[in-house]
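Let me begin by presenting the structure, written as structure tokens, before commenting on it.
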There are 2 protein chains.
Amino acid sequence: MGRRSIHTAEELRELILQAATELIEKDGLAGLSAREIARRIGYSPGTLYNVFENLDDLVLTIEARLLDRLANRLGEPASSGDPAQRVLHLARSYLAFTHENPKLWNLLFEHHMPSGKAVPGWYQTKLDGLMTRIEETLSPVMGTSDPAAVKRAARVLWAGVHGITSLSTADKLSNVTSDSAGPLVEDLVVTYLAGLRGQGRA
Amino acid sequence: MGRRSIHTAEELRELILQAATELIEKDGLAGLSAREIARRIGYSPGTLYNVFENLDDLVLTIEARLLDRLANRLGEPASSGDPAQRVLHLARSYLAFTHENPKLWNLLFEHHMPSGKAVPGWYQTKLDGLMTRIEETLSPVMGTSDPAAVKRAARVLWAGVHGITSLSTADKLSNVTSDSAGPLVEDLVVTYLAGLRGQGRA
DNA sequence: ACCTGAACACCGTTCAAGT
DNA sequence: ACCTGAACACCGTTCAAGT
């Protein structure tokens, strides 16, 4: 047949992303399929490949938007002026965000590039932006003296919070966190910061 | 054709698990396929289904063995008598283990049951055993007063170490942990334990 | 009893052909 | 220019038929 132009290129792109996101939110990466997307938007499978290079490209686009949404969320007013409270606020915001779209968030860690292919540059850039945000929030707590120490502490906290949220949203290790994730994140941040003080690093 | 009996049922089972493990170690869960396993062991695809219910069953079996291997490893002689050092030793052993078979370890978190199906009971049991091991090691550090507090701290530490190792073995967020995982785990454990002391919880 | 291989219902991706 | 749909090379899983 050919040429329908019922939707503009832009609309078509959104339609595809929308359908893909719905599939992922339902059954995770396993529930995603090019043919199923095509079915849902009423186009043939081939059409997807006019818009995206392949499924990885499509998934990466969804991940990018998710990271942008998180960045926006974490950029909200910084609440209390107490530096330690601000770190806690950041962790809570992160946790809340991941719990709003658990399957979608899980996608970030469930999806891997085919071996050989590296993740695109803009992807790393977005992640770097998030790391920087954490470092900035942590820096006042530690005193700006040693940037490397702040960097390390930021990574430890990010990874730690990630571990808790990922175990709880993957729901596979649910018994490991039958304790809801909230109190665990709270405990991690508060205790880790207390440890920094105890070591004279804050 | 039918009936070959070149291998016993037991041998066949091992052959399948062996081939599957190799595929996973190469390309992760995405590299696993029933037909490819069959090709590699020189049997028809149907044969796999005489031995395992389906691919999930096979994967779960591989995960079980992995968890057993980890449990054995963590059961090794407890090194120094200093309680805090023993916690550190446990974390290091865990990290070392996950780095020996990164793709295989990643399988535990990459693989999800189809929605609806729960993970089998023995799976939870194995995980519980690991948690108990951590709690036992942590307990002397905290004083046995409050078991719930030990439980919580054990979960926070396990999840935290998991977060660090998973970000580093998934190699996707490599820049987040371009700092090698070792120092980060060290930092987490040492600082968290210092925090417990600072809060009068240890 | 054990194993095969055809069959069914799916995939991702490409591309000549149509409008 | 845009889209189709057949084609190719794959999947997981089942099960009648063979030895």
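To find a chain, count down the sequence lines: A is the first, B the second, and so on, and within it residues start at 1.
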OP1 or OP2 of C/dT14 sitting under 4.0 Å from any side-chain N/O of A/Y49?
-> no

Can you see if the side chain of A/T47 gets near the phosphate of D/dC2 - specifically, an N or O under 4.0 Å from OP1 or OP2?
no

Separation of [N] [atom2] from [X] [atom1] (nearest whole Å):
| X | N | atom1 | atom2 | result |
| --- | --- | --- | --- | --- |
| A/E53 | C/dC15 | CD | P | 14 Å |
| A/H7 | D/dC3 | NE2 | P | 10 Å |
| A/L55 | C/dC11 | CG | C1' | 10 Å |
| A/H111 | C/dG12 | NE2 | P | 12 Å |
| B/I6 | C/dT4 | CD1 | P | 9 Å |
| A/F52 | C/dG12 | CZ | P | 14 Å |
| B/E11 | C/dC2 | CD | P | 14 Å |

Applying the Watson-Crick and G-U criteria (both distances under 3.5 angstrom) with [ ] for crossing and | for other-strand pairs, one obtains for DNA chain D ||.|||||...|||||.||

*Non-hydrogen side-chain atoms of A/Q124 and A/L127 separated by less than 4.5 Å*: yes

Per the under-4.0 Å heavy-atom filter, residues of residues 14-46 of chain A near DNA chain D come out as A/R35, A/Y43, A/S44, A/G46

- prompt: Yes or no on salt bridge (Lys or Arg N to Asp or Glu O under 4.0 Å) for A/D56 and A/K117, after CA distance, side-chain angles and deciding distance?
  reply: CA-CA 10 Å; A/D56 279 320; A/K117 298 278 169 208; over 6 Å; no

Between [X] and [Y], a side-chain donor and acceptor under 3.5 Å:
| X | Y | answer |
| --- | --- | --- |
| A/R201 | B/T191 | yes |
| B/Y192 | A/D187 | yes |
| A/T61 | A/R65 | no |

By salt bridge (Lys or Arg N to Asp or Glu O under 4.0 Å), A/E186 pairs with (sequence neighbours left out) A/R92

Before you tell me yes or no, could you show the steps for A/Y49 and A/D57 under side chain to side chain donor-acceptor pair (under 3.5 Å), namely the whole-Å CA-CA distance, both residues' side-chain angles and the distance that decides it to 0.1 Å? CA-CA 10 Å; A/Y49 294 83; A/D57 181 26; over 6 Å; no

Report task. For atom NZ of B/K126, decide whether the heavy atoms of other residues, nucleotides or ligands shown that lie under 6.0 angstrom number more than 12. Result -> yes

### Task
Look at the rings of A/Y94 and A/W105 and say which category their plane angle falls in: under 30° parallel, 30 to 60° tilted, over 60° perpendicular.
perpendicular

message: At 4.0 Å (heavy atoms only), tell me whether B/L58 reaches a base, stays on the sugar-phosphate, or touches nothing.
response: nothing

